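Just passing along the structure, written as structure tokens.
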Amino acid sequence: MNRIVKAFSVGAAAIAFTVGAAVNSEAVSQDGVAYARPVGGDIPAKAAFKAYGEIFSIYDLKSDGHSGIGVLSYGSAASTYYYWNHDGAGTTRKVDLEIAEGTPLALWSCLGDFQGSATGGIKWDSGCNPNTDVPEHAWA
């Protein structure tokens with residue numbers, strides 16, 4: 001009888017550990033929002049990551065002639081992506097991504113005048129320089 005109780009206790013502990021691990025991995029998923037540097041008191045753009053579904057949204061919030069840009073970095077320095085919203089003030093571009101659950105992400109938002117490449121025309125002083133600006137953090 002004593003052996004059965006011990007075996008049951010070990011089995012229950014293993015189940016509890018497995019359930020706890022599953023809960024912790026789900027808790028890692030977290031949304032994040034980054035804002036471009038304010039211009040004239042207004043925030044001109046923002047980027048938001050929604051963990052459920054891995055949706056990255058880029059908002060152009062100000063009628064200033066510039067595009068809103070969302071920058072997302074994960075994995076390595078080589079895995080930095082620039083998503084432009086060229087549609088004008090008051091618009092949102094949504095990007096449906098495929099990122100492994102639990103992946104740590106860094107995101108920024110800024111402004112730019114598109115010049116044909118991912119980084120051409122970025123106003124680096126507007127808040128999305130991965131080398132100098134502190135990112136917001138999220139987890140897929």
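Fair warning: this is a prediction, and the values are worked out from it, not measured in the lab.
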For Ala45 and Gly68, work out which heavy atoms get closest and say how close.
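What the structure gives for the nearest pair is CB-CA, 3.8 Å.
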
Run Arg93 and Asp60 through salt bridge (Lys or Arg N to Asp or Glu O under 4.0 Å) and show every step you take.
CA-CA 9 Å; Arg93 175 182 177 202; Asp60 188 334; over 6 Å; no

Is there a continuous path of hydrophobic side-chain contacts, each under 4.5 Å between heavy atoms, that joins Phe114 to Ile58?
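Looking at the clustering, Ile58 is in a separate group from Phe114.
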
Value for CZ (Phe49) from CG (Leu72), rounded to nearest 0.5 Å, stands at 6.5 Å

Nearest heavy atoms of Ala106 and Pro135, plus distance in Å:
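Result for this residue pair: CB-CB, 3.7 Å.
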
I'd like to check Asp64 versus Val39 (side-chain heavy atoms, cut-off strictly below 4.5 Å). Are they in contact?
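Side chain of Asp64 against side chain of Val39, heavy atoms only: no contact under 4.5 Å found.
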
Worked check of side-chain contact (heavy atoms from CB on, under 4.5 Å) between Phe56 and Leu107:
CA-CA 10 Å; Phe56 192 49; Leu107 56 140; 4.2 Å; yes

Heavy atoms, side chains only, cut-off 4.5 Å: are Ser73 and Trp108 in contact?
yes

Can you name the closest pair of heavy atoms from Ala138 and Gly32 and give their distance?
CB-N, 3.9 Å

Is there a path of hydrophobic side-chain contacts, each under 4.5 Å between heavy atoms of I/L/V/M/F/W/Y residues, joining Val71 to Tyr74?
no

Identify the two heavy atoms, one from Gln30 and one from Ala51, that lie closest to each other, and give their separation to 0.1 Å.
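In this case the closest contact between Gln30 and Ala51 is N-CB, 3.7 Å.
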
Can you measure from NZ (Lys46) to CG (Asn85) and round to the nearest 0.5 angstrom?
12.5 Å

Under 4.5 Å between side-chain heavy atoms, hopping through other hydrophobics if needed: is there a path connecting Ile69 to Trp124?
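Yes; tracing contacts between hydrophobic side chains, which count when under 4.5 Å, links both residues.
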
Over all heavy atoms of both residues, which pair between Thr92 and Ser57 is shortest? Give the atoms and the distance, please.
CG2-CB, 4.0 Å

Taking the side chain as every heavy atom from C-beta outward, state whether Tyr82 and Cys110 have any pair of such atoms under 4.5 Å apart.
no

Are the side chains of Asp42 and Leu61 in contact, using a 4.5 Å heavy-atom criterion?
no

Shared hydrophobic cluster, Leu111 / Tyr35 (ILVMFWY, side-chain heavy atoms < 4.5 Å):
no

Side-chain touch Ser29/Trp139, heavy atoms, less than 4.5 angstrom
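SC-SC contact between Ser29 and Trp139 ruled out.
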
Specify whether Tyr83 and Tyr81 have parallel, tilted or perpendicular ring planes, treating 30° as the upper limit for parallel and 60° as the lower limit for perpendicular.
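Taking Tyr81 first and then Tyr83, their aromatic rings sit tilted (interplane angle of 30° to 60°).
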
Looking at side-chain heavy atoms only, is the closest gap between Lys62 and Ile43 below 4.5 Å?
no

Nearest 0.5 Å please: distance from the CZ atom of Arg37 over to the NZ atom of Lys123.
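Spacing of CZ (Arg37) from NZ (Lys123) equals 13.5 Å.
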
Please report the interatomic distance CG(Asp31) to CD(Glu136), rounded to the nearest 0.5 Å.
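So the gap between those two atoms works out to 12.5 Å.
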
Which value, rounded to the nearest 0.5 Å, describes the distance between Ile55 atom CD1 and Leu97 atom CG?
7.0 Å

Contact summary for Trp84 and Ser117, nearest pair of heavy atoms
NE1-O, 4.3 Å

